[in-house]
Every structure is written in C-alpha cells, then in structure tokens.
2 protein chains.
Amino acid sequence: MRTVDPAKHAAKRRAIVDAAAGCFAEKGFERTTTADICRAAGISSGSLFHYFPSKRAVFTAIFTDDAAETAERLEAAAKADDPLAALLDVVAELAGQIAQPGVVRIVLEAAAQAARDDEFAQLVHRNDSALRDGLAVLLGRAVDAGLIDPGVEPRAAAGWVAGLIDAMISRASLDPGLDLPAEQAILRTILIRFLRPVSPPSGG
Amino acid sequence: MRTVDPAKHAAKRRAIVDAAAGCFAEKGFERTTTADICRAAGISSGSLFHYFPSKRAVFTAIFTDDAAETAERLEAAAKADDPLAALLDVVAELAGQIAQPGVVRIVLEAAAQAARDDEFAQLVHRNDSALRDGLAVLLGRAVDAGLIDPGVEPRAAAGWVAGLIDAMISRASLDPGLDLPAEQAILRTILIRFLRPVSPPSGG
DNA sequence: GTCTATATCTAGATAGAC
DNA sequence: GTCTATCTAGATATAGAC
C-alpha cells in the first residue's frame, strides 16, 4: 500500500490547471500572479510549487490537455462514412468551442505567448500540425470520393480550414455580441463554396 | 518665436514609437521593459516619460498611427471603378503586410492586450469597425453592380473578409516558412468562390 | 502535502540637477 | 529636454515548520 494516491494527485493537479486557466483567460499570462492562481484554486503558494515547477508549467499544461481532446475528435471523424460531412462537423465543433467563456481569450493568449517562447511555440505548432493532418486526411478522402474540387491541394486547404476557425475566434474577440449560429452558417457556406467541384460531372 | 519645435517633437515621438514597436513585437507588452524601449530608442528613462505618460501610452500610439493608414487605403478603394477588384486589392495589401518583420507578432500582441484592457479594446474595436465599414461599402456596390451573389449580406460578409485576413496572420504565426504569394492566391480563390453569383444570369 | 513567512529581484515611474 | 539616481511596490520561488 502506498501513501500517495496517484488519482488524487492527478485530480488536484487538474483542479489547479482549471483554476489557472480562468485566471490566464482573464488577465493574461504575465499579469496573472501565482497568488491569483493560489486564490482561485484555494491553495497556498507552497502547494502550487509542489505540483508545478513554475508558473509557465501551469500554463503549458492547459494546452497539452487540450491537444488530447482534439486528437480524439479527429480520430472519430476519420472513421465516418462521409468525409466532407465529417469535416464540416469537426469545424463546427471546434468553432463552437468559442461559446465557452474564456476560450477565446486563452487562445489569443496562447498565440501571443507562442510568438515569444520557443518551447511553447513548439507545443502550439505540434497541436496545429496534428489538426491540419487530420483535416488533410478528410480532404484527401473527399477528393477521392469526388465530393470536392480535385484542384484543391489537401494539405494547403487544411491550413485554410484551420484558418477559418481562427477567423471565427478573431471575430468573436472583436465582437462580443456575435450571433454564433449565424456566423457558423456563414462559415459553412464559405467552406462549401470553396471546396465544391467547380464543374459538376453531370454538367450544370 | 518659440523655443520648442513641434515638428522635431513629433519626429522624436515617432522614433520612440517605432523603436518600441520592435520591442513589443519581440517580447510582448509586459516583458518589454521601459529600459528596453530606452535602449532601442537611444534615450534615457527620464526622456521617455517626458514624451509619454506611461508604457501603455507608447503601446497604444502604435495603433492610433496605423488606423490612419488603413483609413487612407479604404478611401482610395472607395473611388475605384470596379468595387470587387478594389476589395481584392485591399485584402491583398493588408494581408501582404505580414511580410514586414514584426507585424504578425504585434498584431497577435494587440489581440491579446485588447482581451484584458477595456480602453485599448475600444481602440482596436474602432479600427476594426472602420475596416469593416469600408469593406461593406465595397461589397454593397459589388452587389448592386451584379458582380457578386446578392444573397451575401454586406456587413456580415465584411466581417468574414476581415476574418480571412486574420486567418492569414494566424497561419503566418504558426508557419514561419509560409509561401506568402501561394497563400495569397488561395485567399483570393476562397473570396471569389464565396462571393461570386451562385447562378450566373446567362445560365451556365 | 500543506502551510506561513520571506529572500531576492526586477520594473515602472519620479526627482531634480544641468 | 535630457540626463543620473533612486524610490517603491509587487512578483516568483524557496525554506522549513507541522
């Protein structure tokens, strides 16, 4: 029998990460103090540094956790029968995350931090690459199935599909009163018009 | 005769802003110290605070200056004969700015700062609104001229045109080796396919 | 594992001479 | 208008008791 319970340790670690994510979303990385995190998590400074070696380690933990979730989504999508429908669903799901409070702000914060911290930039880059790979697979299958314009190069197009999700985040950050369902509809229209075959085989 | 030369004062102020912009792009707002700015501008702390009341005032000055430039661009575009061509040109120009070193980073920094500073957020919001207004005018004229799908609502579409520029910025930040001309071409394709009339009058 | 207390450092802004 | 010198506050991370 061990004196430490790994599950309990993981749960507490997660609770700290969640509390910290709220702080970082509200105030950004630098202006969030470790005292803020401790207050939000209901622990002391000593405890915080027992679980994490530094403030930055708490920040990066948010995004390693998130990467796993997105990977699951893409795996599920890869198994779908209709690759184009699966792609549109994944985009809607990811873009829909901005409805959660704090998500937009922490994504903006991550982008800014990645611009000046090489190690964190690599993490963000890996996450983005995984997303693009997953989207490219769906686009490739959609081309093969004749569902989309064969002229679109899957890898490059995947970058722009990801970019459109970022565009939604950007819009949301600039317009707090954004009508999310309406914007989702436009996003879907842009994607469909971008990807659909230019001259359908049946001539129309 | 006055002892101060307003032109000289403005020039020095501008030099400080330019030097500071480089610092902010490299390290972000919080991690840039006033000492960094002084070193970059070749002045002392005392001088810096003679020209600006605070570090934040230096930061905001960057974006009030930029707003004027974009307004000029939109004014020129409004006078063009072909509103759709003018729109595509403006987008290409704005998206092309990311080729300048530091532009991507300072835009990301601005987005992050706007998320946590209400006063600065209002400035960013005003700039974005002016851009969207200008784009919406061009889109409205393009609809009237039968150049684009009358089903696209100018104001909402303008938001997505601006969003696509942000998408380019996002892509550039994630992929430093981005092939800018190639991406510009895809951006143009997405816009044209999004906007073009669904069923051309001449039936094809 | 959790706490209190604090060492140590750094940064924004100011004072006041020239 | 520009400088040097410095005040003051607040932050990360650690020490060490329980």
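Letters A, B, ... mirror the listed sequences (proteins, then strands); counts begin at 1. Quick caveat: nothing in here was measured; it's all calculated off a predicted structure.
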Would you jot down, in residue-number order, the residues of residues 9-30 of chain B having a non-hydrogen atom under 4.0 Å from DNA chain D? B/His9, B/Lys12
Rounded to the nearest angstrom, tell me the gap between atom CZ in A/Arg39 and atom P in D/dT12. 11 Å
With sugar-phosphate meaning primed atoms plus P, OP1 and OP2, does A/Ile43 contact a base, only sugar-phosphate, or nothing at under 4.0 Å between heavy atoms? sugar-phosphate
Is the phosphate of C/dT4 approached by A/Ser44 (side-chain N or O, under 4.0 Å from OP1 or OP2)? no
Just how far, in rounded Å, is P of D/dA11 from CZ of B/Arg31? 16 Å
For the ring pair B/Phe194 and A/Phe194, is the centre-to-centre distance below 6.0 Å? no
Just the table, please: protein N/O against nucleotides 13-16 of chain D N/O, every pair under 3.5 Å.
{"residue": "D/dA13", "atom": "OP2", "partner": "A/Lys55", "partner atom": "N", "Å": "3.1"}
{"residue": "D/dT14", "atom": "O4", "partner": "A/Ser45", "partner atom": "OG", "Å": "3.3"}

Can you name the side-chain contact (heavy atoms from CB on, under 4.5 Å) partners of A/Leu74, sequence neighbours left out? A/Thr70, A/Val90, A/Leu131
Find the distance A/His50:NE2 to C/dT4:C1' and express it as a whole number of Å. 17 Å
All side-chain contact (heavy atoms from CB on, under 4.5 Å) counterparts of A/Val107, not counting sequence neighbours: A/Val103, A/Ile169
Scan residues 173-196 of chain A for pairs that pass salt bridge (charged side-chain N to carboxylate O under 4.0 Å, His left out), counting only residues two or more places apart or in two chains. A/Arg193-B/Asp149
With sequence neighbours excluded, give me every salt bridge (charged side-chain N to carboxylate O under 4.0 Å, His left out) pair touching residues 83-105 of chain B. B/Arg73-B/Glu93
Side-chain donor-acceptor distances from residues 32-44 of chain A under 3.5 Å, at least two apart:
{"residue": "A/Thr32", "atom": "OG1", "partner": "A/Cys23", "partner atom": "O", "Å": "3.1"}
{"residue": "A/Thr32", "atom": "OG1", "partner": "A/Gly28", "partner atom": "O", "Å": "2.7"}
{"residue": "A/Thr33", "atom": "OG1", "partner": "A/Ala35", "partner atom": "N", "Å": "3.4"}
{"residue": "A/Thr33", "atom": "OG1", "partner": "A/Asp36", "partner atom": "N", "Å": "3.0"}
{"residue": "A/Thr33", "atom": "OG1", "partner": "A/Asp36", "partner atom": "OD1", "Å": "3.4"}
{"residue": "A/Thr33", "atom": "OG1", "partner": "A/Asp36", "partner atom": "OD2", "Å": "3.3"}
{"residue": "A/Asp36", "atom": "OD1", "partner": "A/Arg39", "partner atom": "NH1", "Å": "3.3"}
{"residue": "A/Asp36", "atom": "OD2", "partner": "A/Lys27", "partner atom": "NZ", "Å": "2.9"}
{"residue": "A/Asp36", "atom": "OD2", "partner": "A/Thr33", "partner atom": "N", "Å": "3.0"}
{"residue": "A/Ser44", "atom": "OG", "partner": "A/Ser47", "partner atom": "N", "Å": "3.4"}

Which salt bridge (charged side-chain N to carboxylate O under 4.0 Å, His left out) pairs, counting each pair once, include a residue from residues 42-60 of chain A, with sequence neighbours left out? A/Arg56-A/Asp117
Taken to the nearest whole Å, CG/A/Leu48 to P/D/dT12 is 9 Å
With sequence neighbours left out, what residues match B/Asp18 under side-chain contact (heavy atoms from CB on, under 4.5 Å)? B/Arg14
